[in-house]
Amino acid sequence: MPSDQAADRIALQDLMLNYAAGVDERDFERYKACFAEDVEVFNFGAQTFHGLDTWLDYVWEALENYSSTQHLLGPQLATIEGDRAKTRSDVQALHFTKDDTPKKFILWATYNTDMARIKGQWKIIRHDLSVRGTHTD
């Protein structure tokens, strides 16, 4: 593997790790930095999201239901062609509700994510969630 592709693979993995950390730490700027302005997001509910602001509004509103979350990512598969990449990342996401009696919600899924190098930085341009299963206390 050429060294520049190895660096790209690390950058793609770091992008998804920053995505997860941004959500779990409620770090809006860190999370926002993961996306292109014209991102498209699929299968996070019934709506398809077009554009970064629309997506961020949805995510932050959804996170209001949880006191804490933890997104664990499995090893990433990546196909890189120049300044474009397609990645597959398995995720197990643990969510604790803000209810008087907190409930645990667990999601098992796969992120299928297209990324592009924009101004020298990898960004998510298309993000699709494939749910494998869920469990709620």
Side-chain angles (χ1 to χ4, degrees):
M1 170 185 321
S3 62
D4 59 335
Q5 196 168 85
D8 284 338
R9 285 184 179 279
I10 292 168
L12 296 171
Q13 290 174 2
D14 283 353
L15 178 56
M16 289 307 295
L17 292 171
N18 277 303
Y19 169 103
V23 168
D24 295 339
E25 295 171 10
R26 305 302 193 266
D27 185 337
F28 182 81
E29 292 304 317
R30 183 179 197 172
Y31 188 74
K32 179 180 179 181
C34 295
F35 298 92
E37 287 294 326
D38 59 350
V39 67
E40 292 185 306
V41 182
F42 303 87
N43 297 312
F44 283 79
Q47 179 182 353
T48 296
F49 300 91
H50 299 278
L52 181 56
D53 290 337
T54 303
W55 173 238
L56 292 177
D57 288 347
Y58 170 80
V59 170
W60 277 175
E61 184 177 326
L63 287 173
E64 285 298 315
N65 296 309
Y66 304 104
S67 61
S68 62
T69 58
Q70 184 182 43
H71 290 69
L72 301 174
L73 300 177
Q76 182 184 78
L77 293 174
T79 303
I80 304 166
E81 294 182 6
D83 289 337
R84 298 287 179 152
K86 291 186 176 291
T87 67
R88 179 188 185 283
S89 305
D90 289 321
V91 59
Q92 180 176 317
L94 180 61
H95 306 74
F96 289 96
T97 64
K98 286 185 175 177
D99 302 330
D100 290 337
T101 306
K103 294 180 185 68
K104 183 172 46 178
F105 169 69
I106 304 170
L107 167 72
W108 296 274
T110 300
Y111 294 136
N112 292 296
T113 308
D114 294 353
M115 302 178 190
R117 192 185 338 255
I118 301 171
K119 297 180 183 175
Q121 298 291 316
W122 286 102
K123 301 286 183 178
I124 297 169
I125 58 173
R126 186 180 191 284
H127 193 47
D128 187 10
L129 179 70
S130 179
V131 176
R132 306 292 179 200
T134 62
H135 175 78
T136 304
D137 283 346

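From Ile10, atom CD1 reaches atom CH2 of Trp122 across 13.5 Å, with rounding to the nearest 0.5 Å. Atom CG in Leu72 sits 12.0 Å away from atom CH2 in Trp108 (nearest 0.5 Å). Here the OG-NE2 distance, from Ser67 to His95, works out to 11.0 Å after rounding to the nearest 0.5 Å. How far CD of Gln13 is from OG of Ser89: 8.5 Å, rounded to the nearest 0.5 Å. Taken from CG in Asp24 to CZ in Arg30, the straight-line distance is 9.5 Å, to the nearest 0.5 Å.
At a threshold of 4.5 Å between non-hydrogen side-chain atoms, the residues Thr69 and Leu63 count as touching. With contacts defined as side-chain heavy-atom distances shorter than 4.5 Å, the pair Ser130/Asn43 does not qualify. Between Ile106 and Gln92 the shortest side-chain heavy-atom distance falls below 4.5 Å.
The salt bridge (Lys or Arg N to Asp or Glu O under 4.0 Å) analysis of residues 90-104, with sequence neighbours excluded, yields the pairs Glu64-Lys98, Arg88-Asp90, Asp99-Lys103. Legend: salt bridge (Lys or Arg N to Asp or Glu O under 4.0 Å) pairs involving residues 66-87, not counting sequence neighbours, sorted by first then second residue: Asp83-Arg117, Lys86-Asp114.
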Is there a side-chain contact (heavy atoms from CB on, under 4.5 Å) between Ile125 and Met115? Walk through the geometry before answering. CA-CA 5 Å; Ile125 58 173; Met115 302 178 190; 5.6 Å; no
If you apply the rule side-chain contact (heavy atoms from CB on, under 4.5 Å), what do you find for Phe105 with Phe96, and how did you get there? CA-CA 6 Å; Phe105 169 69; Phe96 289 96; over 6 Å; no
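Across all their heavy atoms, His71 and Ala93 have their closest contact at CD2-CB, 3.5 Å. The two atoms that bring Asp8 and Ile80 nearest to each other are CB-CD1, 3.8 Å, heavy atoms only. The minimum heavy-atom distance between Thr54 and Gln47, with the atom names listed, is CG2-NE2, 4.1 Å. In this structure, His135 and Asp137 approach most closely via the heavy-atom pair NE2-OD1, 3.7 Å.
Hydrophobic clustering of Ile, Leu, Val, Met, Phe, Trp and Tyr side chains at less than 4.5 Å, counting indirect connections, unites Leu17 with Leu12. A continuous path of ILVMFWY side-chain contacts below 4.5 Å connects Tyr66 to Val131, so both sit in one hydrophobic cluster. Placement of Ile118 and Phe35 in two distinct hydrophobic clusters is found when ILVMFWY residues are connected by side-chain heavy-atom separations under 4.5 Å, directly or transitively. At a threshold of 4.5 Å between side-chain heavy atoms, the hydrophobic network of Ile, Leu, Val, Met, Phe, Trp and Tyr places Leu94 and Val59 in two separate groups. Both Leu52 and Ile124 belong to a single network of hydrophobic side chains, linked directly or stepwise wherever heavy atoms of I, L, V, M, F, W or Y lie under 4.5 Å apart.
For His127 and Tyr111, the ring centers sit closer than 6.0 Å to each other. Between Tyr58 and Phe49, a ring centre-to-centre spacing shorter than 6.0 Å is recorded.
Asn18 places no side-chain N or O within 3.5 Å of a backbone atom of Leu15 that could act as its donor or acceptor partner. With hydrogens and angles ignored, the 3.5 Å screen pairs a side-chain donor or acceptor of Arg9 with a backbone N or O of Ala78.
Using bins of under 30°, 30° to 60° and over 60° for the plane-to-plane angle, the ring pair His50/Phe42 lands in the perpendicular bin. Note on ring orientation: taking the six-membered ring where Trp is involved, the planes of Tyr19 and Tyr31 are tilted (angle from 30° to 60°).
In this structure, a donor-acceptor pair under 3.5 Å is absent between the side chains of Arg126 and Thr113.
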